[in-house]
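What follows is a single structure, written as structure tokens, with notes after it.
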Amino acid sequence: MAETKASRLQQLAGIAPVPPFVVVDRAEGTIGRLDGAGRYMVRSSGLKEDQAQASHAGQLPTLGPLAAEAVPAAVQRLLAHPDVDQVIVQEYVEAEVSGVAFCFSEARVLVEYTALPEGVTGGKVNPFTALLPTGIPRYAALQPFLARIHDRFGACDVEFIGLREPRFVQVRPITRETAFDQALVELKMQLQELEDPAWVENDFCRVLAERMPISRAMAEAYLRALPAVYAD
């Protein structure tokens, strides 16, 4: 039987920290008593989603964060779609950042993250980036879990919440080529380590587009300006 978003999440929970969740089958149609968490995310799961041949990403909505009393209606809304076989109801977790890790191999993992909710998955920003493995301390907690996830699922992309105490909410096969400029990613990694608080959410990393020829020129211009910017 083909894997689904729900079945992968159940496996993921066995090897990495995952926010509490329940899976509602179409045959059941209703959800029991929730565990009292403040808010929840409601996601679809079906045999046509997140497969190795095609992801069908974004074709069905993710609903939330929702209060507990709004969850039953959200479950019914998703189950009304013919391609939805199950619905995942998962505790919503707030964190400073969230993002996606593209695990191409144990030795090559591209991480994209931002403080803007669904900023990466929604394509809202040019995110902060990292290339793992690395010795930069901020990724020390994330790296071992991503290695473990790759061991279990092979080439995959993983949605995560938080860097210091990461939690993982989805995993799916990589279904498309992901081209990126390795030198530029490594440059951004170093810029992100500057101690100035402006780098928490900075305009430079927001506008630095990975796949445009102007990117390198922008990076070089910025580096030339650094001595003046930080002269004091």
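This structure is a prediction, so every number in the text was calculated from the model and none was measured.
The one candidate from Leu9, Ile161, Ile149 that meets the side-chain contact (heavy atoms from CB on, under 4.5 Å) condition with Phe168 is Ile149. Among the candidates Pro173, Ser45, Cys156, the single residue satisfying the side-chain contact (heavy atoms from CB on, under 4.5 Å) test with Arg8 is Pro173.
Between the Asp85 side chain and the Leu47 main chain, a donor and an acceptor come within less than 3.5 Å of each other. Side-chain atoms of Gln143 come within 3.5 Å of backbone atoms of Thr134 as a donor-acceptor pair (strictly under, hydrogens ignored). The backbone N or O of Gln170 sits nowhere less than 3.5 Å from a side-chain atom of Lys5 that would complete a donor-acceptor pair. In this structure, Arg26 contributes its side chain and Leu79 its backbone to a donor-acceptor pair below 3.5 Å. With hydrogens and angles disregarded, no donor-acceptor distance shorter than 3.5 Å links the side chain of Gln86 to the backbone of Ala6.
Taking the six-membered ring for Trp and thresholds of 30 and 60 degrees, Phe104 and Phe180 have nearly parallel ring planes, at less than 30 degrees apart.
Here Leu187 contributes atom CG and Thr129 contributes atom OG1; the two are 9.0 Å apart, rounded to the nearest 0.5 Å. Note that the CD1 atom of Ile88 and the OG1 atom of Thr62 stand 9.0 Å from one another [nearest 0.5 Å].
Looking only at side-chain heavy atoms (C-beta outward), Gln182 and Leu110 stay at 4.5 Å or farther from each other.
Residues Phe145 and Val169 do not share a hydrophobic cluster, defined by chaining ILVMFWY side chains whose heavy atoms lie under 4.5 Å apart.
Looking at Arg172 and Glu159, a side-chain N of the basic residue comes within less than 4.0 Å of a carboxylate O on the acidic one, giving a salt bridge.
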